[in-house]
Protein chains: 2
Amino acid sequence: MSDIPLLPNHQSGPKKLTPEQENQQLKKIIRELGLKVTQQRMDILRIVKAGDRHFTAQDIFEAVSETNTSIGFATVYRFLKALSAKAFVTEVRMGGMPARYEWSSQEHHDHLTCTVCGKVVEFENDEIEKLQEEVAKSLGFILTDHILELFGVCSSTHCQKVYKSAPES
Amino acid sequence: MSDIPLLPNHQSGPKKLTPEQENQQLKKIIRELGLKVTQQRMDILRIVKAGDRHFTAQDIFEAVSETNTSIGFATVYRFLKALSAKAFVTEVRMGGMPARYEWSSQEHHDHLTCTVCGKVVEFENDEIEKLQEEVAKSLGFILTDHILELFGVCSSTHCQKVYKSAPES
DNA sequence: ATTATTTTGATAATGATTCTCAAGTTCAGG
DNA sequence: CCTGAACTTGAGAATCATTATCAAAATAAT
Ligand SMILES: [Mn+2]
Ligand SMILES: [Mn+2]
Ligand SMILES: [Zn+2]
Ligand SMILES: [Zn+2]
């Protein structure tokens, strides 16, 4: 949807890949899932992996349709499910709205989602992470994972207006 | 992990109310919403307000049906929506699961869950809450809600042993 | 009581996601 | 290159939670 810049997808590794090299990468991933390589899966994977945004199934469906392949929603959902089952992609869900998917980057981050337009902003905050560790430790736990999702209203005039005109909180 | 464990509603004030007093309380709330007092609304409110857990619309529908009144799902959803619009109840929507509602008077809390035995500990950390506000503000958002779930291994010898001997995940 | 205003609930509609299954594709082996 | 068994696809039906419709019923101000 919109385009307020976030954490840029700052990759560190080399990203000069020939199309053929990229294809080999994608195929390798598909095979790691124990699945057959199909045009649809290649297309979906290319989009999700290359993108620096959070895609909905609809986004991916449209993107794949645009290029060449005819594809069904079922295929998109099926493959995304397989990818997130093996943690290649992360599924971000917010009540009511369609799920969003992103390539699982190595870098940890949390999400701030606009409850009006669905925009997702990534952030990472070392202080919060540290406090989480402390909380866990103080309760006798070894912390192994966490989910932090913030919800709010983004700065777009549209969303601000909707928020202010809504029944007051 | 099938159920959503929560704070027992460890009481705050005096809760010795005659049925009539309780009814007056409930009516007052309904009128504060600018709505007419109906049997259905009384029933729904009584359940949500008294409960010590998170209810789904289904839960409430069943509970009300059991007692006396015939009631429709639409009525449950409508009234819950009105209640959460005015923040009398909190709506929690996660993933694809049905929304859950809880009376808002409970202290805010987050959860720390043992991934081995499933034990859930609640905690509350003002510093984290404050940092969340700051993060949202710095990204131009008005923060309206958040979900913070920590996962780890609790201090029980059993869970510690399982954790140490487990192959890495 | 009267009656204007709300509310209700059965049922249809919605929207995201999943399921079904006939037809099409992939790929290991020959 | 063929073949065929196993896998995959996509159109459409099915689910599931939630919302919208709307005529009939309940509420509350007069
Ligand atoms: Mn992200
Ligand atoms: Mn919290
Ligand atoms: Zn927004
Ligand atoms: Zn444990």
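By convention in this document, chain letters (A, B, ...) are assigned in the order of the sequence lines, proteins followed by strands, and residues within each chain are numbered from 1.
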What are the residues of residues 18-29 of chain B, sorted by number, that bring a heavy atom to within less than 4.0 Å of DNA chain C? none
Expected output: side-chain B:Q21 to main-chain B:T18 donor-acceptor under 3.5 Å: yes
Could you write nucleotides 17-30 of chain D as a row of B, S and -, 5' to 3', where a protein heavy atom under 4.0 Å of any base atom gives B, of only sugar-phosphate atoms gives S, and otherwise -? SSBBB-----BS--
Pairwise side-chain contact, B:M42 with B:V37, heavy-atom cut-off 4.5 Å (strictly under): yes
Heavy atoms of chain A, cut-off under 4.0 Å: which first and last nucleotide of DNA chain C, 5' to 3', fall inside that, if you could look? C:dA16 to C:dC27
Counting neighbours of CD on B:E127 that are heavy atoms of other residues, nucleotides or ligands and sit closer than 6.0 Å, is the number greater than 12? no
Just checking A:E32: does its CD atom have more than 12 heavy atoms from other residues, nucleotides or ligands closer to it than 6.0 angstrom? yes
Those residues that, when tested against [X], pass ring-ring contact (aromatic ring centres under 6.0 Å, His included) (two or more places apart):
X      : result
B:F123 : none
A:F151 : none
B:F88  : none

Between A:H54 and A:H109, how do the two ring planes meet: parallel, tilted or perpendicular, split at 30° and 60°? perpendicular
If the threshold is 4.0 Å, N to carboxylate O, is there a salt bridge linking A:E91 and A:R93? yes
Nearest-Å distance for atom pair CZ/P, residues A:F61 and D:dG12: 12 Å
Heavy atoms only, 4.0 Å cut-off, all strands: where does A:S70 land among base, sugar-phosphate and nothing? sugar-phosphate
How close do A:A82 and A:L35 get, heavy atom to heavy atom, and via which atoms? CB-CD1, 4.1 Å
